[in-house]
Amino acid sequence: MVSVQAKVRMALLRASGQKRFYDNASALHHRLPRHQEPSMARPPRKVRRRVDVEQHDVRGFPCYTFRPRGSRAGDPHVVHLHGGGYVEQVEKHHWRYAADLVARLGCAVTLPVYPLVPHHDHTATIPMVQAAYDEIEAERVVVSGDSAGGALALAIAQNLRAAGRPQPERLVLYSPWLDVLLEDPVSELLDETDPMLGIAGLREAGRMYAEGSHPRDPLVSPIHADLTGLAPITLFIGTRDVLLPDARRFAARAEAAGVELDYREYPGMFHNWLMQAIPEGREAMNHVERLLRRRPVTARSAPGPGSSPTRG
């Protein structure tokens, strides 16, 4: 059963015109300025009152870390990579999500404000989030990402494996965008019921993001990645999301590669519902809290492609 609150939220999303932003390439370019307002790249005052905020630059872009107000942060340290099709700035729900995690876990949360297209592409975005991750000095590090941020989380994991470095404790992916081409025909059918995303606009955003590389590059579209040896993955997806078919295919490939997978598919839910104040969002975030409170028995190693990953 879909809650009344979720149904109301979906109706509001349709009325807000959010989906029209992704209707087609022309609509996306026309509306870009309002989705990249510089003021959006700073935590709102309401959030700043809840947490201690540290800000520094990484490769010329701001990076914020939230910690419990007036006390030392516990573990893990969560690096969250925001969504928005690589074209949208950090939104209020991303800042709230980071502050809520701090409140729930007493941990630190770092949120990089990475470069966006069309002024930049993956050759600037991936190195920036990688550099932000590399700066974290903590025993336990978790990387989470919603939508486009989910693909960035997987890019970090692939880079770490390629360098022979340890994986994060866990990757937590919320409605991840795994294929910039959105080639699965089922996504076309879901476009009719998805209240937030549109395939035509997403493909245009993906085209700009992948510029200079093949759109099937595993760092750009991790649906094509070798997943062997990556960190344990928790993946949330809803059935009213155009990204659903790729999430299902990714989950099957992760299991085939021996990755520890916690796959959570929510009937009737829309894109990134977890960051909304609805019962289904609270239920999903309660599961995330339980996961992150659980200290792993042993540290993970960094096996390369073709080796057997550590199982948790």
Side-chain angles (χ1 to χ4, degrees), residues 54 56 58-59 63-67 72-82 98 101-102 105-112 114 122 125-146 149-174 176 178 217-220 222-236 250-251 253-263 288-312:
E54 302 169 9
H56 71 286
V58 176
R59 290 182 170 241
C63 187
Y64 291 90
T65 295
F66 292 177
R67 302 183 191 275
R72 186 172 178 271
D75 55 19
H77 193 131
V78 179
V79 178
H80 183 72
L81 306 168
H82 73 88
L101 269 189
V102 173
L105 296 167
C107 65
V109 179
T110 291
L111 205 157
Y114 56 77
H122 70 286
T125 303
I126 293 175
M128 186 273 174
V129 298
Q130 184 70 55
Y133 174 88
D134 291 344
E135 289 185 351
I136 304 299
E137 296 181 0
E139 180 185 351
R140 299 176 59 204
V141 183
V142 170
V143 182
S144 66
D146 65 281
L152 290 173
L154 289 163
I156 287 175
Q158 291 178 74
N159 284 340
L160 293 172
R161 183 187 61 193
R165 295 171 55 195
Q167 289 284 299
E169 179 179 304
R170 180 172 293 273
L171 302 170
V172 186
L173 313 178
Y174 308 132
L178 301 167
D217 181 329
L219 291 177
V220 172
I223 192 70
H224 301 292
D226 176 2
L227 305 179
T228 306
L230 296 193
I233 295 173
T234 294
L235 193 159
F236 292 91
F250 179 88
R253 295 192 64 246
E255 289 189 326
V259 174
E260 180 186 327
L261 178 69
D262 174 28
Y263 179 78
V288 172
E289 180 181 354
R290 288 191 295 269
L291 274 177
L292 301 192
R293 284 191 182 281
R294 198 182 303 159
R295 178 176 284 274
V297 177
T298 57
R300 286 181 58 84
S301 59
S307 61
S308 298
T310 302
R311 301 286 295 200

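Model, not experiment: these values are computed from the prediction.
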request  = Would you check if Leu101 and Phe66 make a side-chain contact, meaning some heavy-atom pair closer than 4.5 Å?
outcome  = no
task = Evaluate the side-chain proximity of Tyr133 to Pro168: yes if any heavy-atom separation is below 4.5 Å, no if none is.
result = yes
Output for pair (His56 NE2, Thr110 OG1), nearest 0.5 Å, gives 7.5 Å
Sorted by chain and number, sequence neighbours left out, side chain to side chain contact (heavy atoms under 4.5 Å, CB included) with Ala108 holds for Thr65, Arg67, Ala73, His77
Side chain proximity check, Leu178 to Leu154, heavy atoms < 4.5 angstrom
yes
Applying ring pair (Phe, Tyr, Trp, His ring centres under 6.0 Å) to Tyr64 and not counting sequence neighbours gives Trp95
Residues passing the side chain to side chain contact (heavy atoms under 4.5 Å, CB included) test with Pro218, sequence neighbours excluded, are Gln158, Ala225
Taken in chain and number order and not counting sequence neighbours, the residues that satisfy side chain to side chain donor-acceptor pair (under 3.5 Å) with Asp262 are Thr234, Arg264, His287
All heavy atoms of Gln167 vs all of Leu230, minimum pair found to be OE1-CA, 3.4 Å
Residues Val129 and Ile156: closest non-hydrogen pair is O-CD1, 3.7 Å
Contacts of His224 meeting side chain to side chain donor-acceptor pair (under 3.5 Å) (sequence neighbours excluded), chain-then-number -> none
Looking only at heavy atoms, the pair that brings Ala153 and Leu171 closest together is O-CD2, 4.0 Å
Nearest heavy-atom approach of Cys107 to Val78 is SG-CG2, 4.4 Å
By ring pair (Phe, Tyr, Trp, His ring centres under 6.0 Å), His122 pairs with (sequence neighbours left out) Tyr209
Quick note, salt bridge (charged side-chain N to carboxylate O under 4.0 Å, His left out) partners involving residues 129-140, not counting sequence neighbours, are Asp75-Arg140, Asp134-Arg165, Glu139-Arg295, Arg140-Glu169
Those residues at least two apart in sequence (or on a different chain) that pass side chain to side chain donor-acceptor pair (under 3.5 Å) with His80 are Ser144, Asp146
Minimum side-chain heavy-atom gap Asn159-Ile126 below 4.5 Å: yes
Set out, in order, the CA-CA distance, both residues' side-chain angles and the distance that settles side chain to side chain contact (heavy atoms under 4.5 Å, CB included) for Leu160 and Gln130, then state yes or no. CA-CA 9 Å; Leu160 293 172; Gln130 184 70 55; 3.8 Å; yes
Sorted by chain and residue number, the side chain to side chain contact (heavy atoms under 4.5 Å, CB included) partners of Ala162 (sequence neighbours excluded) come out as none
Hits for ring pair (Phe, Tyr, Trp, His ring centres under 6.0 Å) against Tyr174, two or more places apart or cross-chain, chain-then-number order -> Tyr97, Phe236
Side chain to side chain contact (heavy atoms under 4.5 Å, CB included) filter on Arg294, not counting sequence neighbours, yields Leu291
Value for CD (Glu255) from CG (Leu227), rounded to nearest 0.5 Å, stands at 11.5 Å
- Heavy-atom donor-acceptor pair, Glu289 side chain to Leu105 backbone, under 3.5 Å: no
Heavy-atom closest pair (Leu111 atom, His82 atom, distance to 0.1 Å) is CD2-CD2, 4.3 Å
Residues at least two apart in sequence or cross-chain that pass salt bridge (charged side-chain N to carboxylate O under 4.0 Å, His left out) with Arg59, listed by chain then number, are none
Looking only at heavy atoms, the pair that brings Pro112 and Cys63 closest together is CA-SG, 3.9 Å
